[in-house]
Amino acid sequence: MQKAFALVDCNSFYCSCERVFRPELNQRPVIVLSNNDGCAIARTAEAKQLGIKMGDPYFKIKKLCQDNQVEVFSSNFALYTNLSDRVMSTLNNLCPKIEIYSIDEAFCDLTGIKDLSPFGFKIQQTILKNIGIPVGVGIAPTKVLAKLANHIAKKSKLSGGVVNLMDVDFRMMAMKKVPVEEVWGIGRASSEKLHALGLHTVYDFATYKNEEHIQKILTKVGLQIKHELLGINCFSLGQDVEKKKEIMCSRTFGQSVFAKEHLKESIANYITNASEKMRRQDSLCSELSVFARTNPFKEGAQFYMYDRIKIQHPTRDTRKLIYFAFEMLEANFREGYEYKKAGVKLSGFFNTHEYQLDFFNTGDTLSDLKLMQVIDEINKREGEGTLKFAACGVDDKAWRMNRGHKSPRYLTSWNDLKEFN
DNA sequence: TCTGGGGTCCTAGGACCC
DNA sequence: TCTGGGGTCCTAGGACCC
């Protein structure tokens, strides 16, 4: 049977989330900044009109924002994650087979459904009514084409936010109008290679005859993308929530950090955060990486500190991981540099129940596990950071991020809810 | 003064083994 | 004098995504 996929994507998601609680901001330009109020990571159509680009550093567009009354928010991920969960569960009620692709996007398997375009509009209207988030819907026989349909839905005002590319003639016509760099999976490097071959539109790429050459310059995945554009299914709907293969936590500091002690505190906090995530997916880790670096945008001496270890007895114990991270820091830290960012990565995961304890096991004991479990439960109930290790420090002023424009946590904190009028 | 954070997949090449 | 060939595993780095 002919497959049918929909890609449902929330419009300017973080901005739309802020608008849910501040409806007076509809029709007004809104942007959301990255951590540390560094750069713009979400813009409404009105903000895009003003020329604000994805990733523009805030200090460069600050004046433009002030002059045009752009509403500026620091990122509030607790809020966005919560609204994302609601969007996804609404979607799941409408179409049971979905793959959550990112915080603001999901693929749906619509195979067998008859009137696909009306169904697309139904999805759009239900999510808007139930959650208050506007979405675009792209419908097509493969995932790559559904992404393309969604892209067209965003660009074309006539579409009403829903584009159906199931019809092959209509699809071919549409593909002639879209530049090849808009294809999902074709980034800058690949599109330069395709341009060099004289392939400029999606249609040019999809109908290019020399597939061996495509595989050679764009690898196996590049060829699969080309096939998907021709309507041949190469990527299926990944339904199971797969476990992460690595978990990272890193931050840019609010100020430059010089002291090893401050660096250690920040690292201890990142380990705490990452290892809690790891326990939530029921993993043990056998590899730990730590890095710290100076500000590459700033003139002056640069230093990138990086180290990685294998852990002989995989662990899920925050204390051990902090201990190992500190050892790496002690061995690699260099005095006198202006550190601007640091982070950690946990990887080499095992499932907790799959890992065989060996005879001379010095891995996590039952009481270690119990302790971590209790800490996680208390922090879940009483709020993040209620219980933490002394290594994390009590005063984080020296390195904490700046977030001057943060909205209240309307959905995750009773204290903040009173801000809602 | 001020430039985010967190992921996945693929490939080439080295190390190592028989 | 003459010094193979094939396989696997691991890692670093590139490319891409949101």
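As the structure is a prediction and not an experimental result, all values here were calculated from the model. Numbered from 1 within each chain, the chains take letters A, B, ... in sequence-line order.
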- Message: For Ile247(A) and Gly254(A), find the nucleotide of DNA chain B closest to each by heavy atoms; which residue's nucleotide sits nearer the 5' end?
- Response: Gly254(A)
- Query: Should Ser117(A) and Asn164(A) be marked as a side-chain hydrogen bond (donor to acceptor under 3.5 Å, both in side chains) after you check the CA-CA gap, both sets of side-chain angles, and the distance that decides it?
  - Reply: CA-CA 6 Å; Ser117(A) 299; Asn164(A) 179 347; 3.0 Å; yes
- Query: Distance only, no hydrogens: is a donor on one side chain within 3.5 Å (strictly under) of an acceptor on the other, for Asp317(A) and Thr315(A)?
  - Reply: no
- Message: What contact category does Asn295(A) fall into here, base, sugar-phosphate, or nothing, at under 4.0 angstrom with non-hydrogen atoms?
- Response: sugar-phosphate
- Task: Could you check whether Lys62(A) gets within reach of a base, just the sugar-phosphate, or nothing at all, counting any heavy atom under 4.0 Å?
- Result: nothing
- Mind checking Ser75(A) for me? I need base, sugar-phosphate or nothing, with any heavy atom below 4.0 Å counting as a touch. nothing
- Give one of base, sugar-phosphate or nothing for Lys345(A), where a contact means two heavy atoms less than 4.0 Å apart. nothing
- Task: Using a heavy-atom cut-off of under 4.0 Å over every strand shown, decide if Asn35(A) touches base, sugar-phosphate, or nothing.
- Result: sugar-phosphate
- Query: Could you give the start and end, 5' to 3', of the contact zone on DNA chain C for chain A, using atoms under 4.0 Å from its heavy atoms?
  - Reply: dT11(C) to dC18(C)
- Message: Taking any heavy-atom pair under 4.0 Å as a contact, classify Arg403(A): base, sugar-phosphate, or nothing.
- Response: nothing
- Taking atom P in both dC2(B) and dC18(C), compute the distance separating them and give it to the nearest angstrom. 30 Å
- Message: Assess, by modelled atom type and distance only, whether the side chains of Tyr14(A) and Glu18(A) contain a donor and an acceptor separated by less than 3.5 Å.
- Response: no
- Message: Do Ser407(A) and Asn76(A) pair up side chain to side chain, a donor and an acceptor below 3.5 Å, judged on atom types alone?
- Response: yes
- Item | Sugar-phosphate, base or nothing in reach of Ile103(A), heavy atoms under 4.0 Å | nothing
- Tell me yes or no: between the side chains of Thr318(A) and Arg279(A), is some donor less than 3.5 Å from an acceptor? yes
- Looking at every strand, decide which applies to Glu105(A) at a 4.0 Å heavy-atom threshold: base, sugar-phosphate, or nothing. sugar-phosphate
- Task: State whether Glu287(A) and Arg308(A) are salt-bridged, where the test is any N-O pair (Lys NZ or Arg NE/NH1/NH2 against Asp/Glu carboxylate O) under 4.0 Å.
- Result: yes
- Task: Would you sort out whether Thr272(A) and Asn269(A) count as a side-chain hydrogen bond (donor to acceptor under 3.5 Å, both in side chains), showing the intermediate values?
- Result: CA-CA 5 Å; Thr272(A) 303; Asn269(A) 278 276; 5.5 Å; no
- More 5' along DNA chain B: Phe59(A) or Glu242(A), using each one's nearest nucleotide? Phe59(A)
- Message: Under 4.0 Å, counting only non-hydrogen atoms across every strand here, what does Val183(A) touch: a base, just sugar-phosphate, or nothing?
- Response: sugar-phosphate
- At under 4.0 Å between heavy atoms, what does Leu33(A) touch on the DNA or RNA strands: base, sugar-phosphate, or nothing? nothing
- Under 6.0 Å between ring centres, would you say that holds for Tyr270(A) and Phe291(A)? no
- Message: Can you confirm whether Glu382(A) is buried at CD, in the sense that more than 12 heavy atoms of other residues, nucleotides or ligands lie under 6.0 Å from that atom?
- Response: yes
- Query: What nucleic acid atoms does Lys340(A) come within less than 4.0 Å of, heavy atoms only: base, sugar-phosphate, or nothing?
  - Reply: sugar-phosphate
- Only pairs at least two apart or in different chains count here, so list each ring-ring contact (aromatic ring centres under 6.0 Å, His included) that has a residue in residues 35-66 of chain A. Tyr58(A)-His405(A)
- Message: Base, sugar-phosphate or nothing for Asp104(A)? Non-hydrogen atoms, less than 4.0 Å.
- Response: sugar-phosphate
- Task: Determine which bases of DNA chain B form Watson-Crick or G-U wobble pairs with both distances under 3.5 Å, and write the result as a 5' to 3' dot-bracket string with | for other-strand partners.
- Result: ....||||||||||||||
- Query: How is Tyr58(A) classified with respect to the nucleic acid when contacts are heavy atoms under 4.0 Å: base, sugar-phosphate, or nothing?
  - Reply: nothing
- Contact class for Lys193(A) (heavy atom, under 4.0 Å): base, sugar-phosphate, or nothing? nothing
